[in-house]
Undergrad: 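The structure that follows is given in the form of structure tokens.
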Protein chains: 2
Amino acid sequence: MNLSKKQIFMNYTAAKGLKSTRQRDIILDCFLSSEQHLSTEELYLKIKKQNAGIGFATVYRTLKLFAEAGIASEIQLGDGQTRYEHLHAGEHHDHLVCTKCGAIVEFANETIEQLQKDVAQQHGFTIVTHKLELYGTCAACTG
Amino acid sequence: MNLSKKQIFMNYTAAKGLKSTRQRDIILDCFLSSEQHLSTEELYLKIKKQNAGIGFATVYRTLKLFAEAGIASEIQLGDGQTRYEHLHAGEHHDHLVCTKCGAIVEFANETIEQLQKDVAQQHGFTIVTHKLELYGTCAACTG
DNA sequence: GCTTATATTGAAAATCATTCTCAATTAGGT
DNA sequence: ACCTAATTGAGAATGATTTTCAATATAAGC
Ligand SMILES: [Zn+2]
Ligand SMILES: [Zn+2]
Ligand SMILES: [Zn+2]
Ligand SMILES: [Zn+2]
């Protein structure tokens with residue numbers, strides 16, 4: 001599956017006339033081998049440990065590129081930092097966030113998704129995206 | 001109802017040993033007489049027109065205070081600015097946002113709210129707050 | 001009303017995440 | 001190898017918000 005993400009990115013850059021560079025390879029490998037929901041800075045620091053000399057501007061630019069290419073998606077979890085997660089074609093999920101330990105749990109609920117569409121339709125809206133986040137404490141942190 | 005919001009704020013500041021000032025009065029009046037979902041800057045500009053000499057730092061501070069006092073709540077609608085809306089005790093709603101014209105429509109759906117609680121419980125989470133926003137185009141903006 | 005301790009204010013500086021600028025470097029086609 | 005366009009890194013710039021701090025205003029206490 002990592003191979004296919006790489007492939008998708010290759011295709012995207014090729015189609016756009018973009019070049020393949022050492023930096024982009026390193027950042028992609030690091031992103032693909034990372035757990036989910038890493039912030040740009042977290043990924044930057046992780047990369048820096050293994051490969052000095054990659055500027056943070058490049059990491060910012062490259063993550064945006066991943067999102068454009070459709071292999072990553074940006075999420076905003078209320079802590080002021082943009083995070084990126086792996087995007088699997090056709091899949092969607094929302095997030096439960098523990099405000100004590102920072103744990104992030106993913107969930108998907110078809111009924112909620114459908115109800116959102118209903119609500120939108122009732123108001124004449126055509127929905128493009130949505131954001132659903134539940135904030136609280138996880139089992140371990142709930143006293 | 002404006003009277004009672006003022007009352008709630010008075011009580012809050014009194015209980016906290018805070019002082020009542022000309023600036024806070026002006027900002028509160030302006031906030032209460034404004035449409036919903038104004039950003040801090042929008043409110044600042046509106047105030048400035050009527051009462052020169054109120055610094056933006058004071059507006060930022062005071063809106064935060066309103067939120068603490070329970071008469072306003074912060075919302076983040078993805079445009080990078082914090083907005084404040086009037087908070088009515090015990091009421092809750094979520095938002096539909098038109099990404100073309102900026103229109104914001106409020107909605108409340110009990111079934112969605114309940115399903116969120118169910119999801120949280122399934123994962124052992126105790127939910128404190130949540131955020132649900134549907135982004136798309138409103139009837140007028142949908143080609 | 002005057003004094004005093006404390007909260008508040010405005011302006012400017014500081015912060016923080018992110019983006020932009022630009023000169024130097026690199027990739028890829030010829 | 002040569003040329004052109006894309007890319008990079010460092011630092012400056014940005015934009016929203018927060019902090020700092022000296023000056024000012026408020027509310028007690030007398
Ligand atoms: Zn969803
Ligand atoms: Zn996720
Ligand atoms: Zn809700
Ligand atoms: Zn609202």
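Lettering follows sequence order; numbering is per chain, from 1.
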Undergrad: Do nucleotides 15-24 of chain C as a string where each nucleotide becomes B, S or -: B if the base has a protein heavy atom under 4.0 Å, S if just the sugar-phosphate does, - if no protein is that close.
TA: --SBBBB---
Undergrad: Between the side chains of A:Gln23 and A:Thr62, does any donor sit under 3.5 Å from an acceptor?
TA: no
Undergrad: Summarise protein proximity over nucleotides 22-30 of chain D in one line of letters, 5' to 3': B for base, S for sugar-phosphate only, - for none, counting protein heavy atoms closer than 4.0 Å.
TA: ----BS---
Undergrad: Using ring centroids (six-membered ring only for Trp), state whether A:His95 and B:His130 fall under 6.0 Å.
TA: no
Undergrad: Side chains of B:Tyr84 and B:Phe66: closer than 4.5 Å at any heavy-atom pair?
TA: no
Undergrad: Report the distance from atom CD of B:Glu68 to atom P of D:dT18, rounded to the nearest whole Å.
TA: 11 Å
Undergrad: Select from A:Tyr44 and A:Gly17 the residue whose nearest nucleotide in DNA chain D is closer to the 5' end of that strand.
TA: A:Gly17
Undergrad: What is the distance, to the nearest angstrom, from the CD1 atom on A:Ile47 to the P atom on D:dG9?
TA: 10 Å
Undergrad: Nearest whole Å is fine: how far is C:dA11 P from B:Ile54 CD1?
TA: 11 Å
Undergrad: Kindly indicate whether the side chain of A:Thr129, heavy atoms from C-beta on, has any atom under 4.5 Å from the side chain of B:Glu133.
TA: no
Undergrad: Is the A:His93-A:His88 ring centre distance short of 6.0 angstrom?
TA: no
Undergrad: If we check side-chain contact (heavy atoms from CB on, under 4.5 Å) with B:Arg83, which of these qualifies: B:Thr40, B:Leu77, B:Leu63?
TA: B:Leu77
Undergrad: Check whether any side-chain heavy atom of B:Glu74 sits under 4.5 Å from a side-chain heavy atom of B:Lys64, and report yes or no.
TA: yes
Undergrad: Hey, does the side chain of A:Gln23 come within less than 4.0 Å of C:dT26's phosphate (OP1/OP2), counting only N and O?
TA: no
Undergrad: Tell me, do B:Ile26 and B:Arg22 make a side-chain contact under 4.5 Å, heavy atoms counted?
TA: yes
Undergrad: Is the phosphate of D:dG9, meaning OP1 or OP2, less than 4.0 Å from a side-chain N or O of A:Thr58?
TA: yes
